[in-house]
Amino acid sequence: MRDLIVTQNITVDGVIEAGDWFGPADGGPEVLRALREQMARADAFLTGRVTFEQLRGYWPAQTDDPTGVSEYLNQVQKYVLSSTLRDPGWQPTTILSGLDEVRRLKDAPGKDIVCTGSIDVTHQLIMAGLVDEYRLFVYPSVVAEGRRLFPDGSPQSLTLSDCTSFPSGVALLTYRRTA
């Protein structure tokens with residue numbers, strides 16, 4: 001069974017969606033190395049339609065991207081959880097219509113499945129008990145408002161499996177869901 005990993009940039013106060021509170025390069029080269037390591041361990045990228053369309057509108061056109069994100073996103077198998085998207089327009093992409101298809105994807109052979117952004121999809125995955133691991137890039141910011149990683153009514157028992165701090169003040173906390 002494959003692991004479904006939620007990777008999020010998050011503030012100290014738990015916010016993952018609040019406008020432009022961070023920039024992709026804010027974490028420095030060490031955070032970028034950690035991201036590359038995560039990309040190497042994954043062969044599937046799961047997102048919702050809105051985030052997918054935002055990514056599709058930006059990353060394929062990046063021809064001089066030293067981060068490696070563009071190359072990764074252009075080649076990785078993308079899965080979009082959507083009931084409205086018909087033509088993804090960015091290959092390789094598969095449209096999933098529901099959480100049962102995500103369960104089947106987890107049961108298929110392969111490497112990690114990573115979900116980034118897509119707060120609504122992330123909340124659905126959490127509530128359905130499909131998330132195996134959380135990789136949280138905690139930024140030294142408090143924004144005091146915005147949508148949080150865990151929706152109300154979703155208690156979690158987690159075990160810290162790794163913790164890395166970076167010179168920028170960002171910390172990568174990795175938690176496994178406890179059975």
Side-chain angles (χ1 to χ4, degrees), residues 3-39 41-42 45-59 61-62 65-70 72-73 76 78-82 84 99 102 112-178:
D3 277 347
L4 196 153
I5 313 294
V6 166
T7 298
Q8 295 286 357
N9 295 316
I10 189 168
T11 63
V12 170
D13 58 338
V15 173
I16 63 171
E17 184 180 88
D20 295 327
W21 59 267
F22 83 101
D26 291 349
E30 298 83 7
V31 170
L32 184 55
R33 272 193 293 281
L35 284 171
R36 286 183 184 134
E37 289 170 10
Q38 289 187 43
M39 288 187 287
R41 294 192 311 250
F45 184 78
L46 175 64
T47 188
R49 181 192 53 80
V50 172
T51 299
F52 175 80
E53 288 176 343
Q54 291 169 342
L55 294 170
R56 182 186 65 195
Y58 179 77
W59 287 109
Q62 304 308 304
D65 171 31
T67 68
V69 173
S70 180
Y72 172 76
L73 288 175
V76 72
K78 293 167 282 297
Y79 294 91
V80 183
L81 190 58
S82 175
T84 59
L99 294 178
V102 175
D112 290 344
I113 304 163
V114 172
C115 179
T116 299
S118 302
I119 191 167
D120 291 328
V121 167
T122 298
H123 285 175
Q124 290 176 46
L125 296 169
I126 291 169
M127 296 300 286
L130 292 172
V131 179
D132 300 295
E133 184 172 284
Y134 298 90
R135 294 180 190 153
L136 308 177
F137 287 89
V138 182
Y139 280 73
S141 300
V142 174
V143 295
E145 63 181 38
R147 295 179 73 189
R148 301 191 186 297
L149 174 58
F150 294 99
D152 290 345
S154 64
Q156 301 282 308
S157 181
L158 306 173
T159 301
L160 181 66
S161 61
D162 194 22
C163 177
T164 306
S165 61
F166 302 102
S168 62
V170 173
L172 172 54
L173 305 178
T174 303
Y175 291 96
R176 294 285 303 176
R177 193 173 62 142
T178 306

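Fair warning: this is a prediction, and the values are worked out from it, not measured in the lab. All residue numbers refer to positions in the sequence shown, counting from 1.
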Next item on the list: List the steps and the verdict of side-chain contact (heavy atoms from CB on, under 4.5 Å) for Y79 and I113.
Entry: CA-CA 9 Å; Y79 294 91; I113 304 163; 5.6 Å; no
Checklist line | Qualifying salt bridge (charged side-chain N to carboxylate O under 4.0 Å, His left out) pairs, either residue in residues 152-173, two or more places apart | finding: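 Matches after skipping sequence neighbours: none remain.
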Next item on the list: Could you note down all residue pairs passing salt bridge (charged side-chain N to carboxylate O under 4.0 Å, His left out) where residues 27-38 supplies at least one of them, sequence neighbours left out?
Entry: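 Residue pairs passing salt bridge (charged side-chain N to carboxylate O under 4.0 Å, His left out), neighbours aside: none found.
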Item checked: From CA spacing to verdict: side-chain contact (heavy atoms from CB on, under 4.5 Å), T174, T164 -> CA-CA 9 Å; T174 303; T164 306; over 6 Å; no
Could you tell me which non-hydrogen atom of [X] sits nearest to which non-hydrogen atom of [Y], and how far apart they are?
| X | Y | answer |
| --- | --- | --- |
| P140 | S168 | CG-O, 4.2 Å |
| Y72 | A42 | OH-CB, 3.6 Å |
| S154 | P151 | OG-O, 2.5 Å |
| C115 | L4 | CB-CD2, 4.5 Å |
| L172 | A34 | CD2-CB, 4.2 Å |

Mind checking what makes side-chain hydrogen bond (donor to acceptor under 3.5 Å, both in side chains) contact with [X], not counting sequence neighbours?
| X | answer |
| --- | --- |
| S70 | N74 |
| R176 | D3, E133 |
| S157 | none |
| T159 | T178 |

Next item on the list: Could you pull out all residues at least two apart from V50 that satisfy side-chain contact (heavy atoms from CB on, under 4.5 Å)?
Entry: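 Checked V50 against side-chain contact (heavy atoms from CB on, under 4.5 Å); matches are Q54.
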Checklist line | With T67 via side-chain contact (heavy atoms from CB on, under 4.5 Å) - residues at least two apart | finding: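 Expected list: L32, W59, D65, V69.
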Could you list the donor-acceptor pairs under 3.5 angstrom formed between side-chain atoms of residues 118-130 and any protein atom two or more places apart in sequence or on another chain?
| from | atom 1 | to | atom 2 | distance (Å) |
| --- | --- | --- | --- | --- |
| S118 | OG | T47 | OG1 | 2.6 |
| S118 | OG | G48 | N | 2.9 |
| S118 | OG | T51 | OG1 | 3.1 |
| D120 | OD1 | R147 | NH1 | 3.4 |
| D120 | OD1 | R147 | NH2 | 2.6 |
| T122 | OG1 | Q8 | NE2 | 3.4 |
| T122 | OG1 | G117 | O | 3.1 |
| T122 | OG1 | S118 | O | 3.0 |
| H123 | NE2 | R148 | O | 2.9 |
| H123 | NE2 | L149 | O | 3.0 |

Note to self: Determine whether V114 and Q38 satisfy the following criterion, side-chain contact (heavy atoms from CB on, under 4.5 Å), listing intermediate values before the conclusion.
What the structure shows: CA-CA 9 Å; V114 172; Q38 289 187 43; 5.6 Å; no
Notebook entry, point to check: So how far is it from I5 CD1 to T116 OG1, rounded to the nearest 0.5 Å?
Noted result: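 Result: 10.5 Å between the selected atoms.
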Check: Is the side chain of R41 donor-acceptor paired with the backbone N or O of D112 at a distance under 3.5 Å, no angle test?
Finding: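 Not a single qualifying donor-acceptor pair exists.
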Check: With sequence neighbours excluded, what pairs up with F150 under the ring-ring contact (aromatic ring centres under 6.0 Å, His included) test?
Finding: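 F150 satisfies ring-ring contact (aromatic ring centres under 6.0 Å, His included) with Y134 only.
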Note to self: Working note: T11 + Y139, criterion side-chain contact (heavy atoms from CB on, under 4.5 Å); need CA distance, chi angles, decisive distance, verdict.
What the structure shows: CA-CA 5 Å; T11 63; Y139 280 73; 5.6 Å; no
